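Just so it is clear, the model here is predicted, and its values are computed rather than measured.
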Amino acid sequence: MTIPRLLAVSDLHVHHRDNRAIVEGLQPTSDGDWLIVAGDVAEEIGDVEWALALLRGRFAQVIWVPGNHELWTRSKDPVPLRGEERYRLLVETCRAIDVLTPEDPFAVWDGAGGPATIAPLFTLYDYSFLPEGTTTSAEGLEAAYAAGVVCTDEHLLYADPFPDRAAWSAARIAESERRLAQVDPDIPTVLVNHWPLTRLPTRVLTYPEFALWCGSERTADWHVRFRAAAVVYGHLHIPRVTWEDGVRFVEASLGYPREWKARDERNGTTVSELLPRQILPAP
């Protein structure tokens, strides 16, 4: 009999038909499998609900954190809420289908590789992952614009009621630190965030200026401070495993069809062989 596992996916982007088909094919291998979904399920709340409800019907527990795409507000969006209001509606949508969010009590994985406190986080970014040769966020953004590397968030991700995304990020980081400080210190954690918690994963970006929209230097030591057994993230669309301070960091993205199809062709693999990624027990 297959032992229950803690699994993870990210960046499902189900508005793409090929990605939607992959989500429809995701299955547990045990009745006790849990699934982490680390953001960027979709841009419209209806699509987010569809995907998470489908997965919740199959997995014993589903844990979601928001990515930047869930927080976008387009002019023709059927749900025109922005910023914090949009996030809160996403949380309520998840709660209605029994999916855990960063606003809910942290669950404890008691299966193989556990116990471990699963800590879903929502930190955004504060423009502190600066491009080389810059020393301030303003200089970094100027360099990014000059290079033609500008995240769509600048046009679609609103921070209401905060003055800007950096201020919203500061509030989210403070709240996450407060909650993590209350976790049982005798139990390791699995930290889950859409954006990387450290700068290292961004070092392989084709366009290094994009790191500005990828995290915060304020979270760089969280995997040590909060005793992480593993860290799960997405956003970069570069699925891989790295190690920092003896902690395993898993980028669990599917990504856009043009990306995963090219990976499959290069590596002689299929998405179904790689996703979902196993977090615990450590493979």
> Start with the C-alpha distance between Tyr256 and His15, add both sets of side-chain angles, then the distance that settles ring-ring contact (aromatic ring centres under 6.0 Å, His included), and finish with yes or no.
CA-CA 10 Å; Tyr256 302 129; His15 57 286; 7.1 Å; no
> Return a table of donor-acceptor pairs under 3.5 angstrom between the side chains of residues 88-97 and protein atoms on other chains or two or more places apart.
from: Arg88; atom 1: NE; to: Glu84; atom 2: OE2; distance (Å): 2.7
from: Arg88; atom 1: NH1; to: Glu103; atom 2: OE1; distance (Å): 3.1
from: Arg88; atom 1: NH2; to: Glu84; atom 2: OE2; distance (Å): 2.9
from: Glu92; atom 1: OE2; to: Arg95; atom 2: NH1; distance (Å): 3.1
from: Thr93; atom 1: OG1; to: Leu89; atom 2: O; distance (Å): 2.8
from: Arg95; atom 1: NE; to: Asp104; atom 2: OD1; distance (Å): 2.7
from: Arg95; atom 1: NH2; to: Glu103; atom 2: O; distance (Å): 3.2
from: Arg95; atom 1: NH2; to: Asp104; atom 2: OD1; distance (Å): 3.0

> Go through the steps for Trp168 and Phe122 under the test ring-ring contact (aromatic ring centres under 6.0 Å, His included), then give the verdict.
CA-CA 10 Å; Trp168 193 8; Phe122 169 34; 5.5 Å; yes
> With a 3.5 Å distance limit and no angle check, can you tell me whether Thr202 reaches the backbone of Ala211 through a side-chain donor-acceptor pair?
no
> First locate atom CD1 of Ile3, then atom OG of Ser30, and finally report the distance between them rounded to the nearest 0.5 Å.
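Separation between the atoms: 8.5 Å.
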> Please list, chain by chain and in numerical order, all residues satisfying side-chain contact (heavy atoms from CB on, under 4.5 Å) with Pro115, sequence neighbours excluded.
Val108, Asp110, Ile187
> Which pair of non-hydrogen atoms, one from Arg86 and one from Asp77, has the smallest distance, and what is that distance?
NH2-OD2, 2.8 Å
> Between Leu81 and Thr73, does the side-chain contact (heavy atoms from CB on, under 4.5 Å) criterion hold? Intermediate values first, please.
CA-CA 7 Å; Leu81 295 177; Thr73 307; over 6 Å; no
> Quick check: are there more than 12 heavy atoms from other residues, nucleotides or ligands sitting under 6.0 Å from CG of Asp164?
yes
> Could you tell me the separation between the NE2 atom of His223 and the OG1 atom of Thr198, rounded to the nearest 0.5 Å?
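His223 NE2 to Thr198 OG1: 6.5 Å, rounded to 0.5 Å.
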> Any salt bridge (charged side-chain N to carboxylate O under 4.0 Å, His left out) pairs touching residues 177-188, not counting sequence neighbours?
Glu175-Arg178, Glu177-Arg218, Glu177-Arg225
> Please check if any side-chain donor atom of Arg165 sits under 3.5 Å from a side-chain acceptor atom of Tyr158, or the reverse.
no
> Go through the steps to decide whether Glu244 and Val247 satisfy the test side-chain contact (heavy atoms from CB on, under 4.5 Å), and finish with yes or no.
CA-CA 5 Å; Glu244 298 184 53; Val247 178; 5.6 Å; no
> As a quick check of understanding, evaluate side-chain contact (heavy atoms from CB on, under 4.5 Å) for Leu191 and Leu180, giving each step before the final call.
CA-CA 10 Å; Leu191 303 181; Leu180 287 168; 3.8 Å; yes
> Of the non-hydrogen atoms in Pro102 and Pro66, which two are nearest, and what is the gap between them?
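So the two residues come closest at CG-CD, 3.9 Å.
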> side-chain contact (heavy atoms from CB on, under 4.5 Å) between Trp213 and Leu141: does it pass, once the steps are laid out?
CA-CA 10 Å; Trp213 294 273; Leu141 283 166; 3.7 Å; yes
> Kindly compute the distance separating OG1 (Thr2) from CG (Asp33), expressed to the nearest 0.5 Å.
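Between Thr2 OG1 and Asp33 CG, I get 8.0 Å after rounding to 0.5 Å.
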> Does the side chain of His235 come within less than 4.5 Å of Ser253's, by heavy atoms?
no
> Ignoring hydrogens and geometry, is there a side-chain-to-backbone donor-acceptor pair from Arg5 to Pro28 under 3.5 Å?
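Such a contact is absent between Arg5 side chain and Pro28 backbone.
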> For Trp260 and Asp18, does a side-chain donor sit closer than 3.5 Å to a side-chain acceptor?
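Per modelled atom types, Trp260 and Asp18 side chains form no pair under 3.5 Å.
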> Does a side-chain heavy-atom distance below 4.5 Å link Tyr87 with Arg172?
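Yes - at least one pair of side-chain heavy atoms lies under 4.5 Å apart.
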> If we ignore angles and hydrogens, is there a donor and acceptor under 3.5 Å between the side chains of Trp64 and Glu70?
yes
> Side-chain contact, heavy-atom cut-off 4.5 Å: Val9 with Leu275?
yes
> Looking at Gln278, I want to see if its CD is surrounded by more than 12 non-hydrogen atoms of other residues, nucleotides or ligands under 6.0 Å.
yes
> Does the side chain of Asp153 come within less than 4.5 Å of Trp72's, by heavy atoms?
yes
> Can you tell me if Tyr145 has over 12 outside heavy atoms packed within less than 6.0 Å of its OH?
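Counting neighbours around OH of Tyr145, more than 12 heavy atoms of other residues, nucleotides or ligands fall under 6.0 Å, so yes.
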> If every non-hydrogen atom of Pro201 is compared with every non-hydrogen atom of Pro196, which pair is closest and at what distance?
CG-CB, 4.2 Å
> Please check this pair: side chain of Asn19 against backbone of Leu12, looking for a donor-acceptor N/O pair closer than 3.5 Å.
yes
> List, one per line, each side-chain donor-acceptor pair under 3.5 Å for residues 52-60, sequence neighbours excluded.
from: Arg56; atom 1: NE; to: Asp98; atom 2: O; distance (Å): 2.9
from: Arg56; atom 1: NE; to: Asp98; atom 2: OD2; distance (Å): 3.3
from: Arg56; atom 1: NH1; to: Phe59; atom 2: O; distance (Å): 2.8
from: Arg56; atom 1: NH1; to: Ala60; atom 2: O; distance (Å): 3.4
from: Arg56; atom 1: NH2; to: Ala60; atom 2: O; distance (Å): 3.4
from: Arg56; atom 1: NH2; to: Asp98; atom 2: OD2; distance (Å): 2.6
from: Arg58; atom 1: NH1; to: Glu24; atom 2: O; distance (Å): 2.8
from: Arg58; atom 1: NH1; to: Leu26; atom 2: O; distance (Å): 2.7
from: Arg58; atom 1: NH2; to: Glu24; atom 2: O; distance (Å): 3.0

> I'd like to know if Arg20 and Asp47 make a salt bridge, using a cut-off of under 4.0 Å between side-chain N and carboxylate O.
yes
> At their closest point, which heavy atom of Leu121 faces which heavy atom of Asn193, and how far apart are they?
O-OD1, 3.2 Å
> Roughly how far, to the nearest 0.5 Å, is the OH atom of Tyr127 from the SG atom of Cys151?
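Spacing of SG (Cys151) from OH (Tyr127) equals 8.0 Å.
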> Let me check something: do Phe226 and Val224 share a hydrophobic cluster, defined by ILVMFWY side-chain heavy atoms less than 4.5 Å apart, either directly or through other members?
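Different clusters.
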> Among Ile, Leu, Val, Met, Phe, Trp and Tyr joined by side-chain contacts under 4.5 Å, find the other residues sharing a cluster with Leu200 and list them by chain and number.
none
> If we only count heavy atoms from C-beta on, is the Thr101 to Pro120 side-chain gap below 4.5 Å?
no
> May I ask you to test the Trp195-Tyr233 pair for a side-chain heavy-atom distance under 4.5 Å?
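Contact flag for Trp195/Tyr233 side chains = no.
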> Might you point out which heavy atoms bring Pro208 and Thr206 nearest each other, and give the distance in Å?
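Looks like CD-O, 3.4 Å.
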> Check for a donor-acceptor pair, side chain of Thr136 on one end and backbone N or O of Glu139 on the other, with a separation under 3.5 Å.
yes
> Could you state the interatomic distance from CG (Asp11) to CD1 (Ile238), rounded to the nearest 0.5 Å?
11.0 Å
> Strictly by modelled atom types, are Ser10 and Glu251 linked by a side-chain donor-acceptor pair under 3.5 Å?
no
> List, by chain and number, the other hydrophobic cluster members for Leu6, where Ile, Leu, Val, Met, Phe, Trp and Tyr join if side-chain heavy atoms come within less than 4.5 Å, directly or indirectly.
Trp34, Ile36, Ile63, Val65, Leu100, Trp109, Ile118, Val190, Val192, Val232, Val241, Trp243, Val250, Ile279, Leu280
> Does the side chain of Arg74 come within less than 4.5 Å of Leu156's, by heavy atoms?
yes
> Quick one: CD on Glu209 to CZ on Phe129, what's the gap to the nearest 0.5 Å?
15.0 Å
> For the pair His13 and His237, evaluate side chain to side chain donor-acceptor pair (under 3.5 Å) and give the outcome as yes or no after the intermediate values.
CA-CA 11 Å; His13 296 289; His237 295 194; 3.2 Å; yes
> Has Glu132 got more than 12 heavy atoms of other residues, nucleotides or ligands less than 6.0 Å from its CD?
no
> Is the closest side-chain donor-acceptor distance between Asn68 and His194 under 3.5 Å?
yes
> Identify the heavy atoms of Ala144 and Leu212 that sit nearest to each other, and give their distance.
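Distance-wise, the nearest heavy atoms are CB-CD1, 3.8 Å.
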